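Keep in mind that what you see is a predicted model, and the values were worked out from it rather than measured. Counting starts at 1 for both ligands and their atoms, in listed order. Along the sequence shown, residues carry numbers from 1.
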Amino acid sequence: MAKADTRMQLKFSYLDRQFANPSPFFKELRELVRSGEFTLGPYVEKFEAKFARYIGVKHVIGTNTGTDALILSLKAAGVKPGDEVITVANTFYATVGAIVVAGAKPVFVDCDERSQIDVRQIPSAITPRTRAILPVHWAGCPADIESIIDIARKRKLAVIEDACQATGAKVGRQFVGTFGVVNAFSMHPLKPLNVWGDGGMIVTNDDRIASWLRLYRNHGLVDRDHVQFWGVNSRIQPFQAIIGARLLDDMENLIRIRLRNARLLDRLLADLKEFVSTPPRPRRYREVYTIYLARVKRRDELFRYLNDRGVEAKIHYPIPLHLQNAAAGLKYKLGDFPEAEQQAGEVITLPSHQYITEKQLHYMAGLIRKFYGRGRNAQ
Ligand SMILES: Cc1ncc(COP(=O)(O)O)c(C=O)c1O
């Protein structure tokens with residue numbers, strides 16, 4: 001086995017570096033501890049208001065996870081047991097889990113060459129039971145949300161965006177996660193905006209939905225002694241609101257570095273088209289590269305080759321959702337979503353986040369070149 005270049009470790013996670021100096025967070029955390037405001041309260045309200053200003057919506061409701069943000073959004077949009085919700089076959093499990101937990105049936109649509117929901121296939125998936133479309137902005141890249149909103153308007157369906165991977169992504173000047181009626185974000189540690197643990201966010205411009213969600217995420221409590229309706233405890237934690245609010249100040253800078261890295265990587269891989277392809281990147285879309293996806297020949301071999309040499313590549317994901325055991329009851333079979341199935345065997349995620357240097361990107365691209373016999377001293 002070839003020796004890894006120990007000077008070049010391209011780790012997938014950057015959290016140890018992002019928080020190498022946690023001191024700047026501690027002043028406010030100390031204030032929080034002294035205040036005893038451990039559930040909801042001013043720190044949460046401040047963060048929600050700041051996030052609302054950042055993405056340009058009226059209401060933000062912080063939750064404990066992106067998964068809960070999705071479940072609560074579906075309920076708030078009126079999805080009921082027996083309804084069908086259309087989503088894409090190549091997403092993270094939580095998208096589908098949320099639909100099922102809300103009591104509805106997930107109906108899959110294939111993805112397109114950008115690994116986003118294939119909008120052309122949505123109309124034929126609509127039935128009299130369809131209540132909502134749940135597109136995912138996969139990998140931090142906008143789905144064709146404008147066309148989805150058009151279809152939904154004509155067919156009188158709700159759109160709930162899964163923007164869990166896409167905080168900061170935009171279509172034109174508008175942030176994704178602000179097109180649908182009620183939409184979900186994740187602040188899981190490896191999302192662009194994170195909060196030292198799990199966290200989620202629901203956003204909406206609808207006053208009635210926002211009021212319902214504020215009560216529902218907190219047991220349906222109007223005040224300490226009065227329950228308006230039965231709800232859950234899905235509150236974001238105040239200490240996390242402090243972290244999130246501070247990190248939001250650096251969001252645009254972080255996205256700028258990710259974009260710079262992704263563009264360089266695109267260029268470095270451009271002449272390997274025979275073996276490596278990156279998705280088309282529409283000019284009006286701002287991606288945030290939560291994961292940098294490429295499609296490659298001999299994927300599993302390349303995956304091992306890179307990992308053996310210090311490049312922590314990942315696979316998001318090797319099995320599309322309709323072929324998971326959990327989906328057995330939905331009666332899909334191999335061949336139903338050929339694009340998602342093909343991509344599951346070809347996609348690889350390459351580390352390109354804000355702590356990866358230009359030199360490291362050259363090193364990684366050099367390894368890929370070598371692997372395909374195109375490098376200097378090719379083996
Ligand atoms: C597309 C997508 N949806 C939903 C989620 C769920 O978010 P969380 O992990 O915060 O519950 C994730 C998280 O990885 C995701 O990537």
Side-chain angles (χ1 to χ4, degrees), residues 12-15 47 51 60-75 77 79 85-102 104 106 108-109 111 114-117 132-143 145 148 159-169 175-177 179-180 182-203 217 232-237 240-241 243-244 247 287-293 314-322 324 326-327 340 343-344 347 349 353:
F12 186 74
S13 172
Y14 44 83
L15 297 170
F47 180 40
F51 191 72
V60 168
I61 298 103
T63 57
N64 59 350
T65 61
T67 304
D68 265 19
L70 279 169
I71 297 168
L72 270 56
S73 294
L74 285 157
K75 283 177 175 288
V79 170
V85 176
I86 295 174
T87 194
V88 64
N90 67 322
T91 176
F92 181 64
Y93 321 117
T95 317
V96 184
I99 296 170
V100 173
V101 167
F108 294 118
V109 164
C111 62
R114 293 193 308 119
S115 303
Q116 306 301 325
I117 187 165
I133 308 173
L134 177 37
V136 181
H137 302 288
W138 185 240
C141 172
I145 189 66
I148 294 167
V159 174
I160 299 139
E161 292 171 78
D162 181 340
C164 283
Q165 294 191 356
T167 310
F175 282 91
V176 306
F179 289 82
V182 53
N183 313 299
F185 290 85
S186 167
M187 291 175 293
H188 168 277
L190 285 172
K191 300 298 189 288
L193 180 66
N194 66 71
V195 287
W196 287 9
D198 281 310
M201 204 81 98
I202 305 174
V203 313
R217 77 155 169 199
V232 294
N233 176 355
S234 183
R235 303 180 292 243
I236 187 171
Q237 304 305 314
Q240 298 183 300
I243 310 301
L247 291 182
E287 304 186 33
V288 289
Y289 295 96
T290 303
I291 52 183
Y292 179 101
L293 284 184
K314 300 261 181 200
I315 295 170
H316 293 90
Y317 286 95
I319 306 172
L321 276 289
H322 66 291
Q324 291 286 349
Q343 290 189 24
V347 286
T349 302
H353 52 73

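Atom CG of Leu321 sits about 9.5 Å away from atom CZ of Phe92, to the nearest 0.5 Å. Within the model, atoms CZ of Phe108 and OG1 of Thr91 stand 9.0 Å from one another, a figure rounded to the nearest 0.5 Å.
Protein heavy atom in closest approach to atom 11 (O) of ligand 1: Thr67 OG1, 2.5 Å. Protein heavy atom at the shortest distance from atom 3 (N) of ligand 1 is Asp162 OD2, 2.8 Å. Given atom 12 (C) of ligand 1, the protein heavy atom at minimum distance is Phe92 CD2, 3.4 Å. Closest to atom 10 (O) of ligand 1, if we only count protein heavy atoms, is Ser186 OG, 2.6 Å. Protein heavy atom at the shortest distance from atom 16 (O) of ligand 1 is Gln165 NE2, 2.9 Å.
Nearest heavy atom pair, residue Gly200 against residue Ile236, reads O-CD1, 4.3 Å.
Between Val195 and Leu247 there is no side-chain heavy-atom pair separated by less than 4.5 Å.
Ligand 1 places these atoms under 4.0 Å from at least one heavy atom of Cys164: 2 (C), 3 (N), 4 (C), 5 (C), 12 (C), 15 (C). Heavy-atom contacts of Ala94 reach the following atoms of ligand 1: 4 (C), 5 (C), 6 (C) (cutoff under 4.0 Å). For ligand 1, the atoms lying closer than 4.0 Å to a non-hydrogen atom of Leu70 are 4 (C). Close contacts of ligand 1 with Val136, meaning ligand atoms under 4.0 Å from a residue heavy atom, involve 1 (C). Ligand 1 places these atoms under 4.0 Å from at least one heavy atom of Gly66: 7 (O), 8 (P), 10 (O), 11 (O). Each of the atoms 3 (N) of ligand 1 lies under 4.0 Å from some heavy atom of Thr95.
Between the side chain of Gln116 and the backbone N or O of His137 there is no donor-acceptor pair closer than 3.5 Å. In this structure, the side chain of Glu161 does not engage the main chain of Asn183 through any donor-acceptor pair within 3.5 Å.
The aromatic rings of Phe51 and Phe185 sit perpendicular to each other, their planes meeting at more than 60°, with 30° as the lower class boundary.
Checked options Ile61, Ile202, Thr63; the residue passing with Ser234 is Thr63 (criterion: side chain to side chain contact (heavy atoms under 4.5 Å, CB included)).
Assignment of Lys191 to the shell around ligand 1 is supported, since a heavy atom sits closer than 4.0 Å.
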